[in-house]
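Structure record follows, encoded as structure tokens.
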Amino acid sequence: MASDPVKITETLVKCASVTPTEGGALVYLAELLGAAGFECTRVDRGETSNLYARWGAKGHARSFGFNGHTDVVPVGDEDAWTHPPFSANIVDGWLYGRGSTDMKSGVAAFAAAAIDFVTDTSPDGAVILAITGDEEGVAIDGTVALLDWMDNQNEAMTACLVGEPTCPDTMGEMMKIGRRGSMTAYFTVHGIQGHSAYPHRALNPLPPMARLMDRLASHTLDTGTDHFDASTLAVTTIDTGNPANNVIPAACKATVNIRFNDAHTSTDLIAWLQSQVDETTTADGVKIEMKTQVSGESFLTPPGELSALISRSVKDVTGVEPVPSTTGGTSDARFVKNHCPVVEFGLVGKTMHQVDERVEVAHIEQLKEIYSKILAGYFA
Ligand SMILES: [Zn+2]
């Protein structure tokens, strides 16, 4: 009997797996996959639970992997939900619940497709599911832990599909072949506090900070590359927290977030930021501290066999040809790309992280069909 991705989604949504709580989701998947002949290993690290499931021989030259997460973001105001966030109620063809689109239905669809595929065809190769319980949190012990463990165990995927929602409005319209990098810079300008009536006795950090932020925000990082939009830099806060109108503050802080394409690396950007800081220091005589935090480098799986296979499969089922895109925020594909070629394809993501998050039941079934075709095509 064919596996029902809607039933699997319902069961998963009923597990209250807000990061980093496992909530029974991975235990259930391990049972389900184990019963179908997958070798299941819990790869827990720190507070995070992860599941690695493999059908077929370890290290096979054709090892297709799916990656996804069962953790969900907090529900927010529970009273604002039309249906309780862990009810998985189905009304008028929509399944409601936190994680219903992001991304328990994605996990359910690839689990169902994988189970049916290995059961029906016994492929010459391996099918791998690497599922984490921490994608929405700090993601240090999630997919990274799974990949570390795989390296140690000589477990490998030769291609990987991340099942995150990728379609903005219409099922099938977009896949992600790369992502922009993301980094944040924190600045503190140090001046000398003083009376605003005697500014010559103080060193006001605010004008230099304003000039520095203007200098950064007005700079064109690039105008886009073959597969990426232009990189962006956003000043997200400038703070002094000064309640007095007659005091020049001693210091001012600001934060800048950069989303960058493959024309840059974080190392180049940090060097550029430092040069801007140095010029401001020289011009204004203030001391400026800068700290940076890199969330991920940009990456690209250039259009090729994997993206062509996914594109074909999506078009067969939905009639829509997915646009290869590199837009949006970060995902665990930024870790998987160090391991093997990776492409992301999943549902319409409109209600992700919202109150009344919901998924069209028909889309869950379509997604299973698409994933089934991808498996069939990969092992053909
Ligand atoms: Zn997600």
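Just so it is clear, the values below take in all heavy atoms, side chains as well, and ignore hydrogens, waters and symmetry mates. Whatever order the structure lists ligands and atoms in, that order sets their numbers, starting from 1. The chain is numbered in sequence order, starting from 1.
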Report task. Give the ring-plane orientation class for Y371 versus F110, where under 30° counts as parallel, over 60° as perpendicular and anything between as tilted. Result -> tilted
Report task. Decide side chain to side chain donor-acceptor pair (under 3.5 Å) for D134 and T132; before the verdict, give the C-alpha distance in whole Å, the side-chain angles of both, and the deciding distance to 0.1 Å. Result -> CA-CA 5 Å; D134 180 12; T132 176; over 6 Å; no
Query raised in the report: Going hydrophobic residue to hydrophobic residue with side-chain gaps under 4.5 angstrom, can you get from L221 over to F228?
Result: no
Requested in this report: Might you confirm whether atom CD of E39 has over 12 heavy atoms from other residues, nucleotides or ligands at distances under 6.0 Å?
Outcome: no
Requested in this report: Only protein N/O/S atoms count here: give how many lie under 2.8 Å from the Zn ion (ligand 1).
Outcome: 4
Query - Contacts of N245 that satisfy side-chain contact (heavy atoms from CB on, under 4.5 Å) - sequence neighbours left out - result: none
**Report entry** Within 6.0 Å of NZ in K7, more than 12 heavy atoms from elsewhere
**Finding:** no
